[in-house]
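This report refers to the structure that appears directly beneath it.
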Amino acid sequence: MQAAAALRLARTPLRRSVRCLATTANPTAAHVASSSPASSSSKQSVIPISNVEAQWAKMSSEEKLTVHEQLEQLQLKDWKELSIDEKKAAYYVAFGPHGPRAPTSQPGDTLKIFLGTMALVGVAGAVFWALRVAAPSPPKTLTKEWEEASNERALEMKLNPITGISSEGYSGKGFVVHK
């Protein structure tokens with residue numbers, strides 16, 4: 001609230017340089033009235049409503065606020081009376097690609113992102129390969145011969161006689177995990 005009041009106080013001397021909205025279909029409509037009597041005598045640049053999208057990025061914050069307020073006044077009318085340009089301008093100001101809805105990436109950034117991702121995947125693959133090459137050989141306990149010897153030792157010790165390797169009719173692999 002205080003920020004809005006401070007903004008209103010700060011822009012009162014700027015009333016003479018405020019732009020007005022005008023429709024391209026009916027420039028003499030009643031909603032084109034100036035914002036104050038003092039500004040009606042000064043020259044004002046007119047922004048056609050059909051051109052708000054093109055002008056929005058170049059407008060100052062005071063002009064944007066004025067356009068927003070004038071569009072709010074327009075929207076108080078019956079929506080059936082508003083022209084297509086007025087509806088489009090109201091939609092653009094409310095939901096256009098500006099402010100928090102501005103695109104986060106520029107056109108052409110997709111290729112840069114793709115190439116950067118592929119470079120990182122390539123670096124990760126190179127690091128993985130280098131670690132595999134530089135790593136020591138696997139321990140002897142992971143060989144197929146060791147696993148078969150572990151099966152024989154489990155049978156000798158009658159390990160897990162109810163459901164395991166030493167049980168009657170056991171048909172599993174036991175400790176062997178290699179093919």
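Quantities reported herein were computed from a predicted structural model and do not represent experimental measurements.
Rounding to the nearest 0.5 Å places CD of Gln70 at 12.0 Å from NE2 of His68. The distance from the OG atom of Ser166 to the CG atom of Asn151 is 9.5 Å, given to the nearest 0.5 Å. To the nearest 0.5 Å, atom CG of residue Leu115 and atom CG of residue Leu120 are 11.0 Å apart. The distance from atom CD of Gln55 to atom CD of Glu63, rounded to the nearest 0.5 Å, is 9.0 Å.
Contact annotation: the side chain of Glu69 approaches that of Leu65 to within less than 4.5 Å [non-hydrogen atoms, C-beta and beyond]. The closest side-chain heavy-atom distance from Lys64 to Val67 is not below 4.5 Å.
Residues in residues 96-132 take part in these ring-ring contact (aromatic ring centres under 6.0 Å, His included) pairs, two or more places apart or across chains: Trp56-His98, Tyr92-His98. Under the salt bridge (charged side-chain N to carboxylate O under 4.0 Å, His left out) criterion, no residue pair touches residues 128-145, with sequence neighbours excluded.
In this structure, the ring-ring contact (aromatic ring centres under 6.0 Å, His included) partners of Tyr91, at least two apart in sequence or on a different chain, are Phe95. Taking Glu53 as the reference, nothing meets the side chain to side chain donor-acceptor pair (under 3.5 Å) condition, with sequence neighbours excluded. Every residue two or more places apart in sequence or in another chain was checked for a salt bridge (Lys or Arg N to Asp or Glu O under 4.0 Å) with Glu81, and none qualifies. Residues passing the side-chain contact (heavy atoms from CB on, under 4.5 Å) test with Pro139 are Thr141, Leu142, sequence neighbours excluded. Taking Ile84 as the reference, Lys88 meet the side-chain contact (heavy atoms from CB on, under 4.5 Å) condition, with sequence neighbours excluded. Residues meeting the side chain to side chain donor-acceptor pair (under 3.5 Å) test with Ser167, sequence neighbours left out: none. With sequence neighbours excluded, the residues forming a side chain to side chain donor-acceptor pair (under 3.5 Å) with Glu147 are His178, listed by chain and number.
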Donor-acceptor list for residues 153-162 side chains, cut-off 3.5 Å, not counting sequence neighbours:
none

